[in-house]
There are 2 protein chains.
Amino acid sequence: MQKMNNKNKIFIDKLRSAGLRPTNQRVEISKFLFNRKNTFHFTVEELKNSMNLKRSKKISTATFYNTVHALKSAGHLKELSLENNTSYYDTNITSHHHFFDNGKVIDIKSDKIAFHKLPEAPKGKKIKNVEVVIRLENNN
Amino acid sequence: MQKMNNKNKIFIDKLRSAGLRPTNQRVEISKFLFNRKNTFHFTVEELKNSMNLKRSKKISTATFYNTVHALKSAGHLKELSLENNTSYYDTNITSHHHFFDNGKVIDIKSDKIAFHKLPEAPKGKKIKNVEVVIRLENNN
DNA sequence: TATCTAGTTTATAATTATTCTAAAGTAAGT
DNA sequence: ACTTACTTTAGAATAATTATAAACTAGATA
Ligand SMILES: [Mn+2]
Ligand SMILES: [Mn+2]
Ligand SMILES: [Zn+2]
Ligand SMILES: [Zn+2]
């Protein structure tokens with residue numbers, strides 16, 4: 001029943017590659033997340049609220065969580081550890097870093113940070129990724 | 001009623017500087033946290049379980065949370081953002097970094113990581129701290 | 001096209017980590 | 001000993017998330 005115009009192909013493909021059937025709810029979520037020029041950082045609550053605000057028939061909480069998790073597992077979203085009580089997700093899945101300022105997340109492109117020295121992994125282990133968080137506060 | 005031997009002075013002082021009266025429960029927590037050679041990384045649940053295991057009269061959950069929070073506010077503990085569902089705390093309050101491997105936290109001394117390039121804070125903001133987390137996985 | 005079936009959505013219950021509340025207990029000063 | 005402010009604690013409440021299971025659909029099949 002999916003009105004499958006090519007325009008949505010890219011968003012549908014992300015769902016398919018995550019093993020998800022492209023239902024209306026999922027396609028809308030995928031478009032909301034990926035149909036934008038800039039990186040989008042969000043919590044599931046924020047995503048749900050901003051999408052449902054504009055809708056008469058709300059998408060359920062479980063569908064938001066399920067879809068975000070599947071997209072994350074398929075590598076289309078990255079999960080960030082910035083605060084201890086909420087998961088932040090990131091549509092920028094390339095290796096990069098963040099400013100974090102009172103709930104607001106700002107990308108730092110990978111080439112803006114360079115290491116002069118990095119430790120090696122303990123024996124038997126290897127490095128999966130290196131994540132830098134620069135916390136900000138107001139001047140004076 | 002506090003049996004105040006000098007041996008505990010350092011642990012009691014941390015409590016006092018956090019605005020806490022040195023009750024028996026608090027002194028035991030403070031000793032458990034700070035009476036050790038190496039950095040201790042923990043979640044409140046882990047702290048509670050390991051301390052209460054050895055005790056006939058258990059210290060309550062609320063006392064653990066309250067004491068840890070007060071010690072953190074006074075600057076005697078640092079809170080880490082490593083996982084999204086649990087707060088980790090660190091008895092090493094100096095600026096340093098971490099390996100994180102499946103719930104296990106390992107200190108990286110500050111001088112083991114050096115930056116060749118770091119972005120400056122957006123206008124109106126300044127950098128509060130820079131935190132590097134190196135996530136590990138098993139070899140091959 | 002009607003039917004079938006596996007996959008999906010949703011409301012609601014459950015769970016986990018954490019915080020709140022308010023009653024009972026205790027430290028210290030007088 | 002008495003008072004009072006501070007503590008401890010069990011248990012209720014909250015927030016984010018996950019699980020459950022009934023009603024619903026997409027897509028395959030006849
Ligand atoms: Mn939490
Ligand atoms: Mn959480
Ligand atoms: Zn990002
Ligand atoms: Zn540490």
Side-chain angles (χ1 to χ4, degrees), chain A residues 1-5 8 11-12 14-30 32 41-52 55-74 77 79-89 103, chain B residues 1-4 8 12 14-30 32 41-52 55-74 77 79-89 103:
Chain A
M1 219 85 313
Q2 190 57 41
K3 207 152 286 154
M4 164 56 140
N5 32 17
N8 290 347
F11 312 115
I12 289 176
K14 286 193 202 286
L15 295 169
R16 286 232 154 85
S17 80
L20 298 179
R21 224 185 245 179
T23 61
N24 286 311
Q25 290 94 326
R26 288 169 176 170
V27 173
E28 290 207 41
I29 293 172
S30 184
F32 189 90
H41 299 101
F42 63 95
T43 68
V44 175
E45 276 298 305
E46 289 168 356
L47 173 65
K48 184 183 86 171
N49 292 336
S50 49
M51 284 193 67
N52 276 343
R55 301 174 53 90
S56 40
K57 185 167 191 323
K58 315 297 187 193
I59 297 174
S60 73
T61 303
T63 293
F64 282 106
Y65 275 100
N66 291 340
T67 304
V68 166
H69 284 162
L71 289 171
K72 181 206 159 189
S73 295
L77 290 174
E79 189 175 2
L80 308 176
S81 286
L82 297 168
E83 277 187 332
N84 285 320
N85 290 314
T86 319
S87 286
Y88 282 81
Y89 293 89
Chain B
M1 218 87 307
Q2 191 56 42
K3 207 153 285 153
M4 163 57 142
N8 290 346
I12 289 175
K14 287 194 203 285
L15 294 169
R16 286 232 155 83
S17 79
L20 297 179
R21 221 186 247 177
T23 61
N24 286 311
Q25 290 95 324
R26 289 168 176 170
V27 173
E28 289 207 42
I29 293 171
S30 184
F32 189 91
H41 299 103
F42 62 96
T43 68
V44 175
E45 276 298 305
E46 289 168 357
L47 173 65
K48 184 183 86 172
N49 292 336
S50 51
M51 284 193 67
N52 275 344
R55 301 173 55 90
S56 40
K57 184 163 193 325
K58 315 297 187 193
I59 297 173
S60 72
T61 304
T63 294
F64 284 106
Y65 276 100
N66 291 340
T67 305
V68 166
H69 284 162
L71 289 170
K72 181 205 160 192
S73 295
L77 290 174
E79 188 175 3
L80 308 177
S81 285
L82 297 168
E83 276 186 332
N84 285 320
N85 292 313
T86 319
S87 286
Y88 282 81
Y89 293 90

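Predicted model, so just to flag it, every value in this text is computed and none were measured. Letters go in sequence order (proteins before strands), and every chain restarts at 1.
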Exercise. Rounding to a whole Å, what distance do you find between A:Glu45:CD and D:dA15:P?
Worked result: 10 Å
For this session: Tell me whether the OP1 or OP2 atom of C:dT10 has a side-chain N or O from A:Thr61 closer than 4.0 Å.
Result: no
Exercise. Are B:Tyr65 and C:dT19 close enough that a side-chain N or O sits under 4.0 Å from OP1 or OP2?
Worked result: no
For this session: With sequence neighbours excluded, tell me which residues meet side-chain hydrogen bond (donor to acceptor under 3.5 Å, both in side chains) with B:Glu46.
Result: none
Exercise. Roughly, in whole Å, what's the span from CD in B:Glu83 to P in C:dT18?
Worked result: 11 Å
Problem set entry | With sequence neighbours excluded, residues passing side-chain hydrogen bond (donor to acceptor under 3.5 Å, both in side chains) with B:Ser60 | B:Thr63
Problem set entry | Spacing between A:Asn49 atom CG and D:dA16 atom P, to the nearest angstrom | 10 Å
Seminar exercise, completed: In whole angstroms, the gap separating P of D:dT17 from CG of A:Asn85 amounts to 9 Å
Sort me out a list of protein N/O and nucleotides 5-9 of chain C N/O pairs below 3.5 Å, or just none if empty.
residue, atom, partner, partner atom, Å
C:dG7, O4', A:Arg21, NH2, 3.2
C:dT8, OP1, A:Arg21, N, 2.9
C:dT8, OP1, A:Arg26, NH1, 2.6
C:dT9, OP1, A:Thr23, OG1, 2.3
C:dT9, OP1, A:Gln25, OE1, 3.4
C:dT9, OP2, A:Arg26, NE, 3.1
C:dT9, OP2, A:Arg26, NH2, 3.2
C:dT9, O3', A:Gln25, NE2, 2.8

Problem set entry | All salt bridge (charged side-chain N to carboxylate O under 4.0 Å, His left out) counterparts of A:Glu83, not counting sequence neighbours | none
Problem set entry | Distance below 4.0 Å between A:His69 side-chain N/O and D:dT18 OP1 or OP2 | yes
Seminar exercise, completed: So the salt bridge (Lys or Arg N to Asp or Glu O under 4.0 Å) pairs with at least one residue in residues 60-70 of chain B (sequence neighbours excluded) are none
Problem set entry | Smallest separation among heavy atoms of B:Lys58 and B:Asn52, with atom names | NZ-O, 2.9 Å
Problem set entry | Counterpart residues, ring-ring contact (aromatic ring centres under 6.0 Å, His included), relative to A:Tyr88 (two or more places apart) | A:Phe100
For this session: Starting from C1' on D:dC6, measure out to CG on B:Leu15 and report it in whole angstrom.
Result: 14 Å
Seminar exercise, completed: In whole angstroms, the gap separating P of C:dT18 from CG of B:Asn84 amounts to 12 Å
Exercise. So, the side chain of B:Arg21 versus the backbone of B:Thr23: is there a donor-acceptor pair under 3.5 Å, distance only?
Worked result: no
Exercise. A:Phe64 has an atom CZ; how far is it from atom P of D:dT17, in whole Å?
Worked result: 14 Å
For this session: Let me know the distance between CD of A:Glu46 and P of D:dA16, rounded to the nearest Å.
Result: 10 Å
